[in-house]
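Atoms within each ligand, like the ligands themselves, are counted from 1 in listed order. Along the sequence shown, residues carry numbers from 1.
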Amino acid sequence: MAEPAGYGEFGASPPAGLSAADAQLWRAAVGVLERNWEQGGWTVPSRRLYPHQWSWDSAFIAVGWARVSPGRARQELESLFAAQWSDGRVPQIVFNPATARDAYFPGPDFWRSRKIPEAPELETSGIVQPPVHASAAWIVYRADPGPGAAFLRRIYPALCAQHDYLLRCRTNADGMAVIVHPWESGLDNSPSWDTELASVPVGEGGPDTVPGHRRDLDHVNPGERPTDLDYARYIALVEAYREHGYRDADALPTHPFVVADPLFNTLLAWSEEALAKIARVVGARPRPHRRRATQVRDALVEHHYDAAAGTFVALGRDGRAGAAHSIGGIVPILLDLPTPILDSLLRNAGGPRFALGDRVPLPSYDRTCPGFDSTRYWRGPAWVNTSWLVLRGLRRHGLRDEAAMLRDALVSAVRRSGFREYFDPIAGTGHGCTDFSWTAALTLDVLAGADVPRRRPRRLSRI
Ligand code: 9WN
């Protein structure tokens with residue numbers, strides 16, 4: 001499926017017009033991607049902390065490669081889809097056979113994908129991550145439309161199968177795709193999952209006994225990672241799902257964690273919009289994709305918008321809402337929304353909770369909440385991918401000034417603290433691993449500047 005590397009079509013030199021400081025940042029970002037590139041045609045998120053291929057990371061990373069080497073961007077996505085299961089799911093992790101089996105926990109011996117008939121030859125995990133891939137594929141195509149068209153023809157059926165799996169096996173009565181594990185959200189220990197997670201029974205060893213060696217703690221300060229209790233629950237959830245051979249029809253009726261998440265569904269709708277554009281290029285029908293995008297967006301607005309809080313919230317199986325004011329509640333700004341909702345999201349983003357306009361990117365969780373923790377993973381720190389998604393949304397709505405503020409915040413955080421995994425949203429300091437691939441990749445996209453807004457700039461009275 002993959003084509004030859006073709007590295008350097010655009011060269012590593014920065015685009016014309018960047019300041020000397022931005023040009024230096026550009027070269028440094030390319031250096032991170034080069035160091036993290038694997039000969040098999042994909043990029044590790046981080047050499048030591050995440051030494052395999054991750055699903056939504058590859059989508060963000062492809063967006064960055066598209067600015068430097070569209071050939072590598074195409075390979076990044078195609079190598080991921082080479083590990084797609086026959087039921088259409090795109091696994092959260094594709095394990096690198098050349099990496100020690102215990103280099104990451106939980107590794108291939110825990111997931112046991114070889115026992116699953118639908119799984120591919122390469123070993124993988126059995127869960128998914130947010131479906132941002134069709135959107136990434138579209139961005140990759142736009143960067144290099146010549147060879148990009150053949151790439152779209154190759155990958156379109158796999159992208160459709162990915163979405164079909166979610167709509168066929170993972171959709172609830174509201175028409176929303178559900179996740180069965182916090183790792184599927186990509187925002188692993190977000191306070192949004194606390195309520196649902198609290199009722200997950202943990203293993204026999206006791207509430208904070210993790211059945212395995214947490215390799216993450218060999219590389220990163222434990223105060224910046226999920227707790228052992230979180231991990232005990234993560235493991236218990238995988239065991240419950242794995243017991244059913246990862247078959248949703250069997251597992252979901254009794255599964256202890258079934259959540260409809262605004263960020264996951266926003267990316268599904270956004271990617272359906274992208275599939276509509278891709279369909280036009282490959283000679284398929286765009287309308288079914290547009291219809292699905294609208295259906296998911298409408299379900300999101302109808303069931304997940306909390307008018308009092310002015311943001312979108314996750315819902316558990318019995319309709320219990322997760323904590324409001326996670327960054328996932330702002331990300332729907334990527335979609336067309338009714339004006340009052342858009343205005344509320346902007347008020348939240350620009351107010352004290354998310355402080356858009358500060359020198360750092362948007363926090364992952366409300367800065368004013370008692371549960372906010374400025375350095376612990378998804379419970380406060382600013383991550384570049386979620387701010388990049390909001391930035392794309394601001395540009396879509398023609399909000400140039402707000403987009404410029406967020407762009408500057410992203411660039412200055414990285415310039416100040418390096419290509420860190422996440423940043424303290426108040427102090428701006430870097431945390432988690434260094435040389436993190438999607439931070440470098442999305443910095444390239446931001447530095448290169450994005451598509452011109454489709455609409456006339458829209459000014460809000462105040463944000
Ligand atoms: C579990 C790879 C991944 C990201 C996730 C991020 C983190 C893994 C972990 O790293 O999760 O998937 O071990 O903590 O939360 O979004 O895809 O970068």
Side-chain angles (χ1 to χ4, degrees), residues 32-33 36 38 42-64 76 80 90-96 99 102-108 110-111 124-133 136 179-193 210 212-228 230-235 237-238 241 261 263-264 267 326-328 331 364-365 375-389 419-422 431-442:
V32 170
L33 291 189
N36 290 348
E38 285 282 333
W42 51 278
T43 312
V44 285
S46 147
R47 276 270 154 232
R48 291 192 307 157
L49 186 60
Y50 308 118
H52 301 285
Q53 183 174 28
W54 257 261
S55 170
W56 80 329
D57 294 64
S58 274
F60 294 125
I61 291 165
V63 167
E76 182 79 44
L80 176 71
V90 176
Q92 164 226 18
I93 305 174
V94 183
F95 292 108
N96 182 0
T99 298
D102 63 351
Y104 175 83
F105 174 81
F110 180 79
W111 291 95
T124 75
S125 69
I127 57 173
V128 299
Q129 275 193 319
V132 65
H133 309 79
I179 55 173
V180 299
H181 197 291
W183 284 333
E184 293 201 311
S185 72
L187 275 50
D188 309 355
N189 70 342
S190 165
S192 299
W193 326 129
V210 183
H213 176 69
R214 283 189 60 183
R215 285 283 173 196
D216 56 325
L217 302 185
D218 296 346
H219 308 297
V220 173
N221 176 347
E224 299 177 9
R225 294 283 306 174
T227 62
D228 277 353
D230 292 330
Y231 259 77
R233 289 182 168 139
Y234 297 161
I235 296 303
L237 280 174
V238 175
Y241 195 38
D261 166 37
L263 181 144
F264 193 100
L267 295 185
S326 148
I327 187 67
V331 167
S364 46
Y365 188 55
T375 55
R376 197 184 281 280
Y377 221 39
W378 293 98
R379 301 182 81 85
W383 292 67
V384 166
N385 66 333
T386 43
S387 281
W388 177 82
L389 291 168
F419 299 100
R420 298 299 298 263
E421 192 179 3
Y422 36 93
H431 297 275
C433 65
T434 54
D435 273 10
F436 189 56
S437 292
W438 85 39
T439 302
L442 298 176

(Q) My understanding is that only residues two or more places apart in sequence, or in another chain, count here; which of them pass side chain to side chain donor-acceptor pair (under 3.5 Å) with Asn96? (A) Thr99
Q.
Please enumerate all residues that pass side chain to side chain donor-acceptor pair (under 3.5 Å) together with Tyr50, with sequence neighbours excluded.
A. Arg225, Tyr377, Glu421
N/O pairs closer than 3.5 Å, ligand 1 and protein:
residue	atom	partner	partner atom	Å
ligand 1	10 (O)	Tyr50	OH	3.4
ligand 1	11 (O)	Asp188	OD2	2.8
ligand 1	11 (O)	Tyr377	OH	3.4
ligand 1	12 (O)	Trp54	NE1	3.0
ligand 1	12 (O)	Gln92	NE2	2.9
ligand 1	13 (O)	Tyr104	OH	2.6
ligand 1	13 (O)	Arg225	NH2	3.4
ligand 1	14 (O)	Asp188	OD2	3.3
ligand 1	14 (O)	Arg225	NH2	2.9
ligand 1	14 (O)	Tyr377	OH	2.4
ligand 1	15 (O)	Gly186	O	3.3
ligand 1	15 (O)	Asp188	OD1	3.1
ligand 1	15 (O)	Asp188	OD2	2.9
ligand 1	15 (O)	Tyr377	OH	3.3
ligand 1	15 (O)	Trp378	NE1	2.9
ligand 1	16 (O)	Trp56	NE1	3.1
ligand 1	16 (O)	Gly186	O	2.7
ligand 1	17 (O)	Trp56	NE1	3.1
ligand 1	17 (O)	Asp57	OD1	2.6
ligand 1	17 (O)	Gln129	NE2	3.0
ligand 1	18 (O)	Asp57	OD2	2.7

Q | From CG (Asp216) to OH (Tyr104), nearest 0.5 Å | A | 7.5 Å
Q: Using distance alone, with no hydrogens and no angle criterion, decide if Asn36 and Ser437 have a side-chain donor and acceptor under 3.5 Å apart.
A: yes
Q: Give every residue pair that meets the salt bridge (charged side-chain N to carboxylate O under 4.0 Å, His left out) criterion with at least one member in residues 50-64, sequence neighbours excluded.
A: none
Q: Side-chain contact test, heavy atoms from C-beta onward, threshold under 4.5 Å: evaluate it for Trp111 versus Gln92 and give yes or no.
A: yes
